[in-house]
Amino acid sequence: MARDLLQLPPDLPVPVDDGACDHLRWRRLPDDVELIASNGRRVRLADLAGVTVVFVFPSIGRPDRDPVGGIDAWNEIPGARGCTPQACSYRDHFSELTRLGARVFGLSAQTTGDLEEASDRLGLPYELLSDVAMALGRRLRQPTFQFGGATLYRRHTLVVVDGRIEHVMYPVFPPGSDAPTVIAWLRARAGAPAAR
């Protein structure tokens, strides 16, 4: 049965900051972790110069199927629901982010095939990175949760400058507010006036 993944239930539980990302600020990204992008390209985030925004999400759903553990159970996990609105918000704000000098990646523990399908369906102008083995997550001790027999990332966003994490947004709620929040932070960092 087809679902509108952009429409979020009004009664979703709100995630709280449990400190699971406190240790990430100022960490260097490991230079031996290479991830596969939704277009098949290999990406080593530690090697990228300048500002890179990496929004980390649990799992982009498909309109034609429920998550393995069921949609009701998924909706009960604080911060799990909303990957599609988050990805679309970055799509819709992509030109402004690039004007501010940032490159954008989404990252999850989904397979490259799942991420390629989502990227094509949603018309994303940036790449989604697959970390099925949790290679980056284990090295940085990023927050995760278990669902339907899988380990998934908890939603958070990293602003990386020359391979070092300069800013972390966690928790991110509602998910669609993430890109505008990052834009406001980048503008403040650059001393730029707020958009009107």
Could you give me the CA-CA distance, side-chain angles and deciding distance for Thr157 and Val56, then say whether side chain to side chain contact (heavy atoms under 4.5 Å, CB included) is met? CA-CA 6 Å; Thr157 298; Val56 184; over 6 Å; no
Can you tell me how far [atom2] of [Y] sits from [atom1] of [X], rounded to the nearest 0.5 angstrom?
X	Y	atom1	atom2	answer
Cys88	Leu122	SG	CG	4.5 Å
Phe55	Gln86	CZ	CD	5.5 Å
Leu136	Glu34	CG	CD	12.5 Å
Glu116	Thr112	CD	OG1	8.5 Å
Arg81	Leu12	CZ	CG	6.5 Å
Ser119	Asn39	OG	CG	8.0 Å

Under a plain distance cut-off of 3.5 Å, with no hydrogens placed, do Arg154 and Tyr170 share a side-chain donor-acceptor pair? yes
Measure across [X] and [Y] and return the closest heavy-atom pair with its distance rounded to 0.1 Å.
X	Y	value
Tyr153	Met134	CZ-SD, 3.5 Å
Ala20	Pro143	CB-CB, 3.7 Å
Cys83	Ser59	SG-O, 3.3 Å
Pro125	Arg91	CD-CG, 3.6 Å
Gly50	Asp162	N-OD1, 2.6 Å
His167	Arg25	CA-NE, 4.4 Å

If hydrophobic clusters are built from ILVMFWY residues whose side chains come within less than 4.5 Å, do [X] and [Y] share one?
X	Y	value
Val160	Val43	yes
Ile183	Phe94	yes
Ile165	Val33	yes
Leu124	Val172	yes
Leu107	Val104	no

Glu127 vs Ser38, side chain to side chain donor-acceptor pair (under 3.5 Å): CA-CA, chis, key distance, verdict: CA-CA 6 Å; Glu127 295 164 295; Ser38 45; over 6 Å; no
Does Arg41 have more than 12 heavy atoms from other residues, nucleotides or ligands lying within 6.0 Å of its CZ? yes
Note, Leu129 side chain near Ile36 side chain (heavy atom, < 4.5 Å): no
His93 and Pro180, any side-chain heavy atoms less than 4.5 Å apart: yes
Donor-acceptor pair, distance only, cut-off 3.5 Å: does the side chain of [X] make one with the backbone of [Y]?
X	Y	result
Arg155	Pro15	no
Arg164	Trp26	yes
Arg103	Val53	no
His23	Arg141	yes

Let me know which of Arg27, Arg189, Arg28 forms a salt bridge (charged side-chain N to carboxylate O under 4.0 Å, His left out) with Glu166. Arg189
Between Leu29 and Leu140, is the side chain to side chain contact (heavy atoms under 4.5 Å, CB included) condition met? List the steps. CA-CA 8 Å; Leu29 296 183; Leu140 292 178; 3.7 Å; yes
Before accepting this row, confirm whether a basic side-chain N of the pair Arg44/Asp32 lies closer than 4.0 Å to the acidic partner's carboxylate O. no
Would you check, one step at a time, whether the test side chain to side chain contact (heavy atoms under 4.5 Å, CB included) holds for Leu24 with Leu158? CA-CA 9 Å; Leu24 291 173; Leu158 309 174; 4.1 Å; yes
Measure centre to centre between the rings of Tyr126 and Phe105, then say whether the value is under 6.0 Å. no
Can Val182 and Met169 be said to form a side chain to side chain contact (heavy atoms under 4.5 Å, CB included), step by step? CA-CA 8 Å; Val182 169; Met169 266 115 348; 3.4 Å; yes
Just to verify, which of Asp131, Leu115, Val132, Leu128 counts as forming a side chain to side chain contact (heavy atoms under 4.5 Å, CB included) with Ser108? Leu115
